[in-house]
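The structure under discussion appears below in the form of C-alpha cells.
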Amino acid sequence: MIRHNRIIENLVGAKTNGVLVPDPIVEMPKNVKKPKHVRSPFHVALTATDAPYSKWQCRIMYYWYKQKKDLPDSEMGGFTRILHSGSPDNLMDEIPTMVVDPLPEGLDRGYVVLNRPWAFVQWLENATIEEEYILMAEPDHIFIRPLPNLAHERYPAAFPFFYIKPEQNEKIVRKFYPEEHGPVTNVDPIGNSPVIIRKDLLQKIAPTWMNVSLKMKQDPETDKVFGWVLEMYAYAVASALHGVQHILRKDFMLQPPWDLETGKKFIIHYTYGCDYNLKGELTYGKIGEWRFDKRSHLRGPPPRNLSLPPPGVPESVVTLVKMVNEATANIPNWDTS
C-alpha cells in the first residue's frame, strides 16, 4: 500500500490540559489491572528505509513476529512496515508495508530518525488499523517470547532507557516542557520504542512528537546534548505534554552484550556491537576476535550460518546469533536483501 501525503508547512502547537499527573509509573496500578481472560490485541508497526541495512533487519524481525504471533500468551495482531522512502521496494510482497513520504529534503538535517514521527503521523491518518493498541517497534528487534499487551487503557507500556535522563537535563527539557505543565518527572525516561499504546492516545501524541523533534533538532544546544537520542526525548516530552505517562517495564526488552541473560524478557534489541576474545571476554570498544555487530552489514545482509560465540560468552549473545541464523536459514532468497 502506498500513500503520499502533504508537505509539512507549519508546526502544530502542542496541546495539553495542564493537569499534573503522578511520577513515572513502574508497575501497573492494581486498580487498573485487566482481567487475565481479556485479550487486547495490538498492531505491530515499525518504521524503515529502503536501504539494504534496514531491509535485512526488517526481514529477520518479521520472521520472528510470525513465529511468535499465534503462540499462547501472545496478543500480537497485524503487522505493518511503515516505509518512509516515498516509493515501494522489493519487500512489498514479503512484508505488509505502507509507503509514506519522507520529510521534505533537508528538514531532517542528516538525522534520518526524524522521519519516524512523521511516518507514524501519516500512517495513523491513512491506514485502517483494526486493533485498539499499537506496538511501536524497530527493525533491530527480535521477539524471543510471545508478547502480551503490557499496556492498559490510559497507561501505555514502555521500556526505561538508562541514558534518557530528563531530570539531569532539566534545563534543556524545559525549553519544550515549560514549568506550567508540571514537574520534569512527568517526562518518562523512555523513547518511542518499544511502546505499546492505545491507538487514540498515539493519534494525539504523534503530531506533537513530530513537532517537538523538529524543534529540538533546530535548537543547537539541544541537538548537541541529546545527539542520536534526540527523537527519543521528543517522544517522552510529547507524551508528557498530553498528560500521558507510561508503565515502565524492564522486562520488555534486553540489550546484549550488557544484559547477560534473556530470562523472561520479550524482545532482544541488538543495537550494540558484541565483541569478544576467544576466551569469551568482552572487548567492547575494540574489535573482537569474535564479533557480531549489525553495522558490519551496512551494504547488505549478513551471511547465513554465522559462527557461534566462543565458550564463556553470555547466553543473551548466543541466543541472538542462533535466532539470526535460524531466520536467515528459513527466509527465501536471503542474499537478495
Side-chain angles (χ1 to χ4, degrees), residues 26-27 44 46 53 56-76 135-150 157-164 189-191 193-196 247-297 301-331 334:
V26 176
E27 296 180 353
V44 179
L46 74 159
Y53 177 65
W56 68 258
Q57 294 176 55
C58 288
R59 297 183 81 189
I60 291 174
M61 196 272 195
Y62 185 58
Y63 172 86
W64 282 109
Y65 155 81
K66 291 189 294 182
Q67 302 307 305
K68 305 299 182 182
K69 176 181 180 293
D70 296 322
L71 295 180
D73 299 324
S74 168
E75 293 184 271
M76 302 159 83
L135 165 65
M136 291 189 284
E138 295 184 14
D140 60 354
H141 286 176
I142 292 178
F143 295 105
I144 53 177
R145 295 174 58 211
L147 181 60
N149 189 340
L150 304 177
F159 177 79
F161 290 90
F162 70 90
Y163 49 79
I164 302 297
I190 62 171
S193 177
V195 167
I196 300 177
I247 302 163
L248 304 182
R249 295 288 300 246
K250 290 184 178 180
D251 62 343
F252 210 152
M253 187 170 77
L254 70 144
Q255 301 185 98
W258 310 118
D259 294 308
L260 304 182
E261 297 180 350
T262 55
K264 294 184 177 181
K265 297 183 179 181
F266 297 101
I267 293 171
I268 291 179
H269 182 211
Y270 56 99
T271 191
Y272 296 105
C274 299
D275 288 275
Y276 293 86
N277 61 28
L278 296 183
K279 297 179 181 179
E281 298 168 335
L282 182 66
T283 62
Y284 194 78
K286 177 183 177 182
I287 294 178
E289 296 173 278
W290 180 93
R291 76 180 326 225
F292 175 77
D293 188 337
K294 65 177 185 177
R295 294 166 191 83
S296 300
H297 308 284
R304 286 174 164 155
N305 196 28
L306 295 169
S307 64
L308 293 179
V313 170
E315 177 266 338
S316 63
V317 178
V318 176
T319 298
L320 167 60
V321 177
K322 286 182 176 180
M323 295 187 80
V324 168
N325 281 346
E326 179 178 332
T328 60
N330 288 284
I331 296 173
W334 174 248

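Computed over heavy atoms, backbone and side chain alike; hydrogens, waters and symmetry mates excluded.
- When all heavy atoms of Arg304 and Ile331 are compared, the closest pair comes out as NH2-O, 2.8 Å.
- If you take NE2 on His297 and OH on Tyr53, they are separated by 10.0 Å, rounding to the nearest 0.5 Å.
- Side-chain contact between Ile144 and Lys68 is absent, with no heavy-atom pair separated by less than 4.5 Å.
- Atom CE in Met253 sits 8.5 Å away from atom OG1 in Thr271 (nearest 0.5 Å).
- Heavy atoms from other residues, nucleotides or ligands lying under 6.0 Å from NZ of Lys66 number more than 12.
- Atom CD of Gln255 sits about 9.0 Å away from atom CG of Asp140, to the nearest 0.5 Å.
- Closest non-hydrogen pair, Gly273 versus Tyr284, comes out as O-CE1, 3.5 Å.
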side-chain contact (heavy atoms from CB on, under 4.5 Å) evaluation trace for Glu326 with Trp64: CA-CA 9 Å; Glu326 179 178 332; Trp64 282 109; 3.4 Å; yes
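- Residues Leu248 and Pro189 meet the side-chain proximity criterion, which asks for heavy atoms closer than 4.5 Å.
- In this structure, Glu261 places its CD atom where only 12 or fewer heavy-atom neighbours from other residues, nucleotides or ligands lie under 6.0 Å away.
- The line from CG of Leu135 to NE2 of His141 is 8.0 Å long, rounded to the nearest 0.5 Å.
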Ile142/Leu320 under side-chain contact (heavy atoms from CB on, under 4.5 Å): CA gap, chis, key distance, verdict: CA-CA 8 Å; Ile142 292 178; Leu320 167 60; 3.9 Å; yes
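- Between Cys274 and Trp290, some side-chain heavy-atom pair lies under the 4.5 Å cut-off.
- Residues Val317 and Phe292 are not in side-chain contact: their nearest non-hydrogen atoms beyond the backbone lie 4.5 Å or more apart.
- Distance alone, capped at 3.5 Å, is enough to place a donor-acceptor pair between the Ser74 side chain and the Lys69 backbone.
- Taking the six-membered ring where tryptophan is involved, the planes of Phe161 and His269 are perpendicular, since the angle between them exceeds 60° and thus also 30°.
- Taken from CG in Asn277 to CD1 in Ile287, the straight-line distance is 14.0 Å, to the nearest 0.5 Å.
- Scanning both residues, Leu260 and Pro314, for their nearest heavy atoms gives O-CB, 3.5 Å.
- With contacts defined as side-chain heavy-atom distances shorter than 4.5 Å, the pair Thr262/Leu254 qualifies.
- In terms of heavy atoms, Phe252 sits closest to Phe159 at CD1-N, 3.9 Å.
- Taking 4.5 Å as the limit, some side-chain heavy atom of Arg291 sits within range of a side-chain heavy atom of Asp275.
- Taking the side chain as every heavy atom from C-beta outward, Leu150 and Ile247 never approach each other to under 4.5 Å.
- Heavy-atom minimum distance, Trp56 versus Pro302: CD2-CD, 3.4 Å.
- With contacts defined as side-chain heavy-atom distances shorter than 4.5 Å, the pair Thr328/Tyr63 does not qualify.
- Remark: Phe143 engages no residue in a ring-ring contact (aromatic ring centres under 6.0 Å, His included) (not counting sequence neighbours).
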Derivation of the side-chain contact (heavy atoms from CB on, under 4.5 Å) call for Leu308 and Val313: CA-CA 10 Å; Leu308 293 179; Val313 170; over 6 Å; no
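- Interatomic distance, OG of Ser316 versus NZ of Lys265, reported as 9.0 Å (0.5 Å rounding).
- Annotation for Tyr272 and Pro256: closest pair CB-O, 3.5 Å, computed over non-hydrogen atoms.
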